Protein chains: 2
Amino acid sequence: MSKKERQQKLLQTIDGNPFVTDRELTRQLKVSIQTIRLDRLELGIPELRERMKLMAEHSYDQVRSLPPDEIVGDIVDLQLDKSGISIFEIREEHVFSRNGIARGHYVFAQANSLAVAVINDEIALTASADIRFVRMVRLGEKCIAKAQVRSLAGRGGKAEVDVFTYVVEELVFQGHFVVYRSAVEE
Amino acid sequence: MSKKERQQKLLQTIDGNPFVTDRELTRQLKVSIQTIRLDRLELGIPELRERMKLMAEHSYDQVRSLPPDEIVGDIVDLQLDKSGISIFEIREEHVFSRNGIARGHYVFAQANSLAVAVINDEIALTASADIRFVRMVRLGEKCIAKAQVRSLAGRGGKAEVDVFTYVVEELVFQGHFVVYRSAVEE
DNA sequence: TACATATTAGTACCTGGTTCTAAAATGAAA
DNA sequence: TTTCATTTTAGAACCAGGTACTAATATGTA
């Protein structure tokens with residue numbers, strides 16, 4: 001493998017998983033750790049901790065600068081174990097090309113992500129869900145999902161989260177999620 | 001200032017700025033660094049790097065939405081209006097970085113895609129669904145989703161599709177989908 | 001005065017690096 | 001084949017921001 005190829009692969013790998021350490025990269029690319037570090041230097045890729053810091057700052061800024069009605073990012077408001085709001089714009093790649101209607105799983109994914117994000121626990125996984133697609137969502141529409149934590153069992157229990165998704169003022173989706181939460185590491 | 005008061009202030013300070021180091025905290029609270037660390041220990045506040053890592057993972061997991069693929073999973077068998085089988089392998093990009101467990105919406109997306117694909121109609125949209133994540137799916141596992149059409153109203157009506165997803169022989173997901181079908185172009 | 005609690009000090013050690021120097025391997029041109 | 005540049009590897013010193021542990025000293029209070 002040439003240097004160019006390796007650096008290409010390095011970029012891809014780190015892009016696919018930014019939490020990878022140099023040591024893990026040596027195993028994947030079969031070169032010494034010094035080479036990895038020279039490559040990162042040449043490519044301008046910061047070290048793991050710096051990458052995590054940048055991501056953390058970015059998300060922190062996002063949640064901080066909560067623009068009341070402006071549409072910017074994904075999660076615009078998050079009160080752990082209480083509520084959250086996320087915004088998702090339906091684009092080309094989310095719709096059936098035939099009719100411009102959003103595929104259900106994108107609308108679900110937004111709600112599911114939010115339901116999981118709002119639960120303040122190391123591990124939060126969806127256990128079950130009861131969902132209803134109230135009306136079709138079309139290309140270009142902005143889905144505003146609002147989550148409310150309804151009940152919250154102690155650590156290691158289950159939480160119930162209701163999510164309502166609106167386009168402007170109109171309800172397009174509703175879901176009742178049971179989220180499994182646990183601090184255990186299995 | 002009492003211990004309680006100080007710990008209260010510590011919580012507030014870190015909450016207000018999670019990127020603060022212990023050294024900076026000593027300056028603000030006028031106690032030794034050991035006291036700061038004992039306080040963090042008692043309050044269960046992780047160290048700066050761990051805090052940043054958690055934030056980064058949280059936002060990263062959140063940001064990762066579904067791939068812009070038309071259909072999630074490979075459909076390997078399809079008998080329109082009857083049944084279908086799709087295979088989907090859980091890879092890096094589908095799991096929570098922290099624990100390698102698949103995000104629920106991918107498993108849902110596979111089932112949803114299949115439920116829609118199995119309906120032989122110009123437009124087929126998910127109307128509602130009742131789903132259950134039976135067990136967690138892990139990195140590298142192959143999900144085999146099997147769909148069965150249960151009932152089929154005439155054109156313009158609703159169809160009911162059951163999807164069961166397995167890893168090897170083990171059931172990991174089950175869902176009952178109500179799919180809206182229509183030849184109308186609205 | 002005695003005792004418990006709280007605080008401070010100091011050391012060894014950890015991860016995941018940076019920075020620097022230097023040796024070895026590899027490849028291509030003369 | 002020799003020569004030279006590039007590439008790769010190695011190793012040591014050092015860094016931030018900690019943890020874990022031991023031990024000494026303050027401080028309040030009964």
Side-chain angles (χ1 to χ4, degrees), chain A residues 1-61 64 120-123 155 183-186, chain B residues 1-61 92 95-100 139:
Chain A
M1 207 197 315
S2 76
K3 190 179 175 180
K4 285 242 165 181
E5 285 175 321
R6 188 190 57 232
Q7 295 197 340
Q8 205 53 39
K9 206 162 179 176
L10 187 92
L11 269 171
Q12 279 173 23
T13 310
I14 293 183
D15 197 56
N17 174 20
F19 299 94
V20 69
T21 63
D22 287 357
R23 196 158 299 281
E24 280 173 50
L25 287 166
T26 64
R27 284 192 276 274
Q28 295 194 31
L29 301 183
K30 307 285 184 198
V31 285
S32 73
I33 202 158
Q34 281 77 6
T35 302
I36 298 288
R37 287 170 179 170
L38 278 174
D39 282 352
R40 272 202 300 100
L41 197 69
E42 283 182 28
L43 297 169
I45 300 172
E47 61 168 293
L48 169 60
R49 285 165 181 162
E50 198 56 32
R51 295 197 298 269
M52 294 196 300
K53 188 180 180 184
L54 288 172
M55 279 192 277
E57 282 173 340
H58 190 261
S59 73
Y60 187 69
D61 288 347
R64 277 278 121 161
N120 181 23
D121 218 316
E122 278 182 47
I123 303 176
R155 296 251 143 183
V184 214
E185 39 250 58
E186 278 251 354
Chain B
M1 208 196 316
S2 78
K3 189 179 175 179
K4 286 243 168 184
E5 285 174 321
R6 188 190 57 233
Q7 294 196 341
Q8 205 54 40
K9 205 162 181 176
L10 186 90
L11 269 171
Q12 279 173 22
T13 309
I14 292 181
D15 197 56
N17 173 23
F19 299 95
V20 70
T21 62
D22 286 359
R23 196 157 301 281
E24 280 173 50
L25 287 165
T26 63
R27 285 191 276 273
Q28 295 194 34
L29 301 183
K30 308 283 184 199
V31 284
S32 74
I33 203 157
Q34 280 78 4
T35 302
I36 297 289
R37 287 170 178 170
L38 278 174
D39 281 353
R40 270 201 304 100
L41 196 70
E42 284 182 27
L43 297 170
I45 300 172
E47 61 167 292
L48 168 60
R49 286 165 180 166
E50 196 57 30
R51 294 197 299 270
M52 293 197 300
K53 187 180 180 183
L54 288 172
M55 278 193 276
E57 282 175 337
H58 207 80
S59 72
Y60 185 68
D61 287 342
E92 280 288 353
V95 303
F96 290 100
S97 52
R98 189 163 186 77
N99 50 32
L139 183 59

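To find a chain, count down the sequence lines: A is the first, B the second, and so on, and within it residues start at 1. Just so we're clear, the structure is a prediction, and the values are computed from it rather than from any experiment.
Within 4.0 Å of A:L38, counting heavy atoms only, lies at least one base atom of the nucleic acid. B:R37 comes within 4.0 angstrom of a nucleotide base, judged by non-hydrogen atoms across all strands. Using a 4.0 Å heavy-atom cutoff across all strands shown, B:E47 reaches sugar-phosphate atoms only and no base atom.
Separating the CD1 atom of B:I36 from the P atom of C:dA9 is a distance of 13 Å, rounded to the nearest angstrom. Between B:K53 atom NZ and C:dG17 atom P there is a gap of 11 Å when expressed in whole angstrom units. The CG-C1' distance, from A:L41 to C:dC20, rounds to 12 Å in whole Å. Regarding A:I33, its CD1 atom lies at a distance of 15 Å from the C1' atom of C:dT19, rounded to whole Å. One interatomic measurement links the two molecules: CG of A:L25 to P of C:dG16, which rounds to 12 Å at whole-angstrom precision. Here D:dA10 presents its C1' atom at 16 Å from CG of A:D22, a figure rounded to the nearest Å. Taking atom CZ on B:R23 and atom C1' on C:dT8, their separation rounds to 14 Å, with Å as the unit. Taking atom CD on A:E50 and atom C1' on D:dG17, their separation rounds to 14 Å, with Å as the unit.
With C:dT8, C:dG17, D:dT8 as the choices, the nucleotide that has an atom nearest any side-chain atom of A:K3 turns out to be D:dT8. When distances run from any side-chain atom of A:Q34 to the nucleotides D:dG17, C:dT8, D:dG11, the shortest one goes to D:dG11. Here the side chain of B:T21 is nearest to one of C:dT7, C:dG16, D:dG18, namely D:dG18.
Although no hydrogens or angles enter the test, the distance criterion places no donor-acceptor pair under 3.5 Å between the side chain of B:Q28 and the main chain of B:L25. For A:T13 (side chain) and A:K9 (main-chain N/O), a donor-acceptor pair under 3.5 Å exists by modelled atom type. Checking side-chain atoms of A:R6 against main-chain N and O of A:I36 turns up no donor-acceptor pair under 3.5 Å.
The residue among B:R49 and B:R40 whose nearest nucleotide of DNA chain D lies closer to the 5′ end is B:R49.
Between A:T21 and A:E24, some side-chain heavy-atom pair lies under the 4.5 Å cut-off.
Using a 4.0 Å cut-off between charged side-chain N and carboxylate O, B:D22 and B:R40 make a salt bridge.
Taking 4.0 angstrom as the limit, B:R6 places none of its side-chain polar atoms (N or O) nearer than this to OP1 or OP2 of C:dA6. Between B:S32 and C:dT7, a side-chain N or O to OP1/OP2 separation shorter than 4.0 Å is absent.
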